[in-house]
Amino acid sequence: MDEPSTSNSTLLRHLTPEQQSAVVHIDGPMLTLAGPGSGKTRVVTHRIAHLLEHGIPEWQIAALTFTNKAADEMRARVDALVPGKQVWMGTFHRFCAQLLRRYASMVGLQENYSIYDTSDSKQAMKRAIAATGVSTSHASPDMIANLISKAKNKLITPDVWQAQMLSPQEKVASQVYPIYQQQLLTANAVDFDDLLLHVANLLRQNPELRSDLDAHFRYIMVDEYQDTNLAQYAIVRGLSVDYPNLAVTGDPDQSIYGWRGADLNNILDFEKDYPDVKTVRLEQNYRSTPNILRAADQLIRHNRRRKQKDLFTDNDEGAPVTLRICSDGFDEADSIADEIVNLIACETARPSDFAIFCRMNSLTRSVEHALRGRGVPYQIVNGVEFYQRKEVKDVLSYLHLVNNPGHDVALTRVINTPTRGIGAKTIERLQGFADRNAIPMLEAARRVDEIDALAKRSRTMVSKFVDLYDKIATKATASLEDLMRYLVQETKYDQYLEKTASDSDDSSPTANIDELITAGADFDRRHPEDGSLDTFLEQVALVSDTDAFDDSDERVTLMTLHASKGLEFPRVYIIGVEDDLLPHKRSKDDDSQFEEERRLFFVGITRAEQTLQISCCKRRMIRGERRPVIPSPFLNELPLDEIKRVDTSVNRGPWFDSVDQSTPSDWDMPEIQVNANEDTSFDFGANTNQTNEAVAVFDGPDDSDITMTPDEPPTEPSSTAAIPEIGALKTAADLMTVNRPPITAFQEGTQVRHMDYGVGTIIAVSGRGPKRMARVRFGEEEHSFRLAFAPLQIED
DNA sequence: CAGGTAACCTTTTTT
DNA sequence: AGGTTACCTG
């Protein structure tokens with residue numbers, strides 16, 4: 001879309017007058033209010049290109065985003081316009097992490113400080129709570145962590161906080177806060193909030209540094225400004241005093257991170273903060289059909305606290321929005337999966353056209369199951385995160401400890417993993433000694449002889465661990481790959497895994513370790529010069545699985561509504577649009593939270609380019625219990641008279657008859673057959689053209705040609721039946737995996753070809769189904785692959 | 001101290 | 001349903 005250009009005229013050619021006026025703006029503050037699909041990224045990237053062409057040095061520009069994904073895309077598009085320029089683009093957190101590396105000593109850290117992820121900081125929080133000695137009967141660790149996080153995002157210090165009127169929970173949290181903070185400093189560590197907090201403080205407390213940085217980053221751009229919290233606001237503000245060339249883009253209607261401290265006032269009051277601001281409104285939508293846009297518009301009009309804007313588009317009318325009503329989550333997943341298979345089979349769509357959004361991660365499970373059963377390739381953004389797996393965290397913890405001996409959370413994790421006779425009591429005593437002396441636990445372990453409470457045996461064990469650590473630490477400067485292989489070997493972690501892993505199913509810890517080592521080797525290769533351990537660990541800490549999302553892959557995408565922001569797909573499904581779920585249960589006591597839920601739905605709707613399907617169920621499994629469901633109140637706010645209704649809940653139509661008969665009561669829930677018709681909670685006004693024929697949803701009569709024979713039901717059989725392997729299924733799904741050999745073709749000894757690594761031999765296979773892994777030797781190197789997705793060809 | 005089983009409690013969204 | 005913790009036994 002954006003062809004390279006070298007002159008202004010080419011740069012501006014395909015832009016509307018509004019877009020142009022934003023692109024050519026150079027000095028002074030600017031606010032771009034950009035509705036969904038209005039070409040915002042286009043404007044931002046073109047503006048960067050324009051600044052560069054105007055002679056602004058690349059190092060004076062910084063573009064801040066909320067996800068790495070957004071930054072990567074921006075970088076790619078700027079590079080297409082103006083190749084080879086090194087403009088700083090990245091997330092707020094990464095920006096701060098890098099500044100903090102440099103000025104660590106000014107906030108009491110060392111430059112090799114660690115970044116605690118959420119689970120690390122939860123561990124640290126528990127310890128801080130214990131050290132504070134407060135009662136947790138009225139405030140759970142989670143709640144305390146939450147309150148402290150909010151306080152940090154608002155730049156509230158412990159003493160200011162304690163001086164305020166506080167609820168009992170806040171009181172507890174405010175007491176834990178300084179202790180927690182002190183322990184973080186002792187550990188030479190920060191949590192996610194600290195990255196912002198420390199930098200904000202740095203700028204506030206060091207006028208000289210502030211003005212230096214202000215002068216350095218003269219042109220600052222912030223994407224998704226509606227999602228900034230006070231800390232981020234302070235940072236941006238601090239960098240735009242002498243050079244107020246601050247350009248922010250955002251859309252108040254897409255603010256969905258209030259729970260994380262985002263303050264809508266930042267964008268609503270921008271014009272007050274910067275009186276001379278230039279404001280540009282982008283309201284024309286280039287993404288969606290009018291049908292989709294009307295649904296979005298009618299919905300969002302119900303929010304009271306917003307700036308009215310008029311969304312319009314020149315696109316073709318397109319298909320009506322569909323509302324699908326299902327018996328339960330399984331029915332919902334099956335009928336959507338069937339439809340996807342169908343559309344792909346008649347070649348009207350490709351897997352990557354589809355996205356399925358939901359409010360909670362757990363809802364993806366049923367859909368995942370349905371897609372897997374049909375052999376449809378899919379990816380889950382933010383499923384079980386790779387870096388959260390036990391074995392991966394274990395190995396990473398060793399790395400963390402090598403990099404930063406103060407990383408107490410890592411030490412606590414690995415000191416007895418693999419088990420080496422150091423029990424909970426011993427760890428507790430080490431912690432106590434460390435706390436009393438304000439030293440890291442590893443230091444306490446070195447001084448184990450001073451801890452009287454410890455038994456002789458325990459002391460020996462601890463000392464042996466310290467020796468082991470010192471041995472591993474000698475390799476700190478080796479390549480990541482060598483370091484990881486060495487430590488896995490020295491700690492006998494590989495043996496431990498083999499012993500522990502009962503290997504009951506397809507999750508293969510060993511393969512995950514291999515994958516981690518491959519990632520390390522990859523990092524070594526990409527950073528031959530600057531590839532230090534702390535950069536690697538920083539990278540790992542600041543990537544989310546949202547960033548792993550790959551739109552070039554031919555796969556259906558499953559993700560939460562939150563993760564969908566900033567993306568677009570031809571065909572979108574939003575599932576579970578139900579009361580207590582889409583306005584989430586815990587958001588209903590508060591008006592502003594309720595409106596945020598509505599915006600969340602709005603964001604989901606406006607991701608759709610061509611078709612949009614919304615679904616809700618009559619019943620749903622919640623925490624292992626089947627419960628009746630009330631449809632979302634938001635459904636009544638849509639233009640119901642122009643929405644097509646499909647009911648798959650009673651009888652799924654002639655096309656599915658064979659399935660229903662071949663799998664009678666596989667789910668063991670006859671009550672649905674009995675009660676479904678009497679369910680009166682689904683009354684959305686006048687439209688009564690409900691149909692029991694799912695066929696109505698599909699695009700044409702060709703659909704009946706699908707090669708779904710009765711002996712291969714598209715519905716996954718009961719749990720006792722084996723899951724068919726991908727590739728073995730004779731379904732429409734085969735059509736799209738045709739260029740990939742069936743998974744069963746890869747065996748030990750098979751010769752394969754990889755694009756980058758060349759020809760290799762499979763030396764081991766493990767796991768089943770989509771998780772099946774193969775370890776391949778390419779000459780000197782070895783790599784692990786997920787067979788279902790790896791770009792491997794059979795070499796003959 | 002380690003490993004197993006039973007109770008239990010949890011669930012929103014993410015850098 | 002699934003994961004975590006608490007308690008019990010070897």
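Quick caveat, the model's predicted, so the values are computed rather than measured. Lettering follows sequence order; numbering is per chain, from 1.
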* Compute both the distance and the angle, then confirm whether Arg598(A) meets the cation-pi test with Phe601(A): under 6.0 Å from the six-membered ring centre, within 45 degrees of the axis. => no
* Asked: Which part of the nucleic acid does Phe92(A) contact within heavy-atom distance under 4.0 Å: base, sugar-phosphate only, or nothing?
  -> nothing
* Structure fact -> Arg365(A) atom CZ is separated from dT11(B) atom C1', nearest whole Å, by 12 Å
* Integer-rounded Å distance: dT15(B) P and Gln539(A) CD -> 15 Å
* **Rounded interatomic separation in angstrom, taking CG from Asp142(A) and P from dT13(B)** => 12 Å
* Contacts of type ring-ring contact (aromatic ring centres under 6.0 Å, His included), residue Phe634(A), not counting sequence neighbours -> Phe594(A)
* To do: Mind checking Lys425(A) for me? I need base, sugar-phosphate or nothing, with any heavy atom below 4.0 Å counting as a touch.
  => sugar-phosphate
* Is there any salt bridge (charged side-chain N to carboxylate O under 4.0 Å, His left out) pair reaching into residues 221-234 of chain A, and which pairs are they, with sequence neighbours excluded? -> Lys40(A)-Asp223(A), Lys40(A)-Glu224(A), Glu224(A)-Lys565(A), Asp227(A)-Lys565(A)
* Trace of the salt bridge (charged side-chain N to carboxylate O under 4.0 Å, His left out) decision for Lys585(A) with Asp579(A) -> CA-CA 8 Å; Lys585(A) 201 196 217 120; Asp579(A) 199 34; over 6 Å; no
* Whole-Å distance separating the CE atom of Met360(A) from the C1' atom of dT13(B) -> 10 Å
* With sequence neighbours left out, what residues match Trp88(A) under ring-ring contact (aromatic ring centres under 6.0 Å, His included)? -> Phe95(A)
Can you name the atoms? Protein N/O to nucleotides 2-4 of chain B N/O, anything below 3.5 Å, with the distance.
residue : atom : partner   : partner atom : Å
dA2(B)  : OP1  : Gly421(A) : N            : 2.8
dA2(B)  : OP2  : Asn416(A) : ND2          : 3.3

* Asked: For Ile575(A) and dT13(B), what is the distance between atoms CD1 and P respectively, to the nearest whole Å?
  -> 13 Å
* Asked: Can you tell me how far P of dT13(B) sits from CG of Asn146(A), to the nearest Å?
  -> 13 Å
* Check whether any side-chain nitrogen or oxygen of Asn361(A) sits under 4.0 Å from OP1 or OP2 of dT13(B), and answer yes or no. => yes
* Can you pull the contact range of chain A along DNA chain C, 5' to 3', using atoms under 4.0 angstrom from its heavy atoms? -> dA1(C) to dT5(C)
* Atom-to-atom span, CZ of Arg260(A) to P of dT15(B) - whole angstrom -> 6 Å
* Asked: Are His584(A) and Trp259(A) close enough that their ring centers fall under 6.0 Å?
  -> no
* **Proximal nucleotide (of dT14(B), dT15(B), dT11(B)) relative to the Ala563(A) side chain** => dT14(B)
* Structure fact -> Closest of dT15(B), dT14(B), dT11(B) to the His584(A) side chain is dT11(B)
* Could you check Glu538(A) against Arg101(A) for salt bridge (charged side-chain N to carboxylate O under 4.0 Å, His left out), going step by step and ending with a plain yes or no? => CA-CA 10 Å; Glu538(A) 176 185 306; Arg101(A) 261 323 142 214; 3.1 Å; yes
* Asked: Base, sugar-phosphate, or nothing: which does Asn153(A) touch, judged by heavy atoms less than 4.0 Å apart?
  -> nothing
* What nucleotide among dC1(B), dT13(B), dT15(B) has an atom nearest to a side-chain atom of His562(A)? -> dT13(B)
* With nearest nucleotides of DNA chain B determined for Thr426(A) and Glu597(A) from heavy-atom distances, which residue corresponds to the more 5′ nucleotide? -> Thr426(A)
* To do: Identify whether any heavy atom of Lys588(A) sits under 4.0 Å from a base atom; if not, whether one sits that close to sugar-phosphate; answer base, sugar-phosphate or nothing.
  => nothing
* Which residues share a side chain to side chain contact (heavy atoms under 4.5 Å, CB included) with Thr228(A), sequence neighbours left out -> Phe66(A), Phe92(A), Val222(A), Tyr225(A), Gln232(A), Asn266(A)
* Asked: Would you say Tyr257(A) stacks on dT13(B), if stacking means ring centres under 5.5 Å apart and planes within less than 30 degrees?
  -> no
* Could you tell me if the ring centre of Tyr180(A) sits under 6.0 Å from that of Tyr177(A)? => no
* Asked: What interatomic distance, in whole Å, is found between P of dA6(C) and the corresponding atom of dT11(B)?
  -> 15 Å
* Asked: Starting at CD of Glu224(A) and ending at P of dT15(B), how long is that distance when rounded to a whole Å?
  -> 12 Å
* To do: Taking the six-membered ring for Trp and the single ring otherwise, decide whether the centroids of His407(A) and Tyr116(A) are under 6.0 Å apart.
  => yes
* Structure fact -> Testing dT13(B), dC1(B), dT11(B) for proximity to the side chain of Thr560(A), the answer is dT13(B)
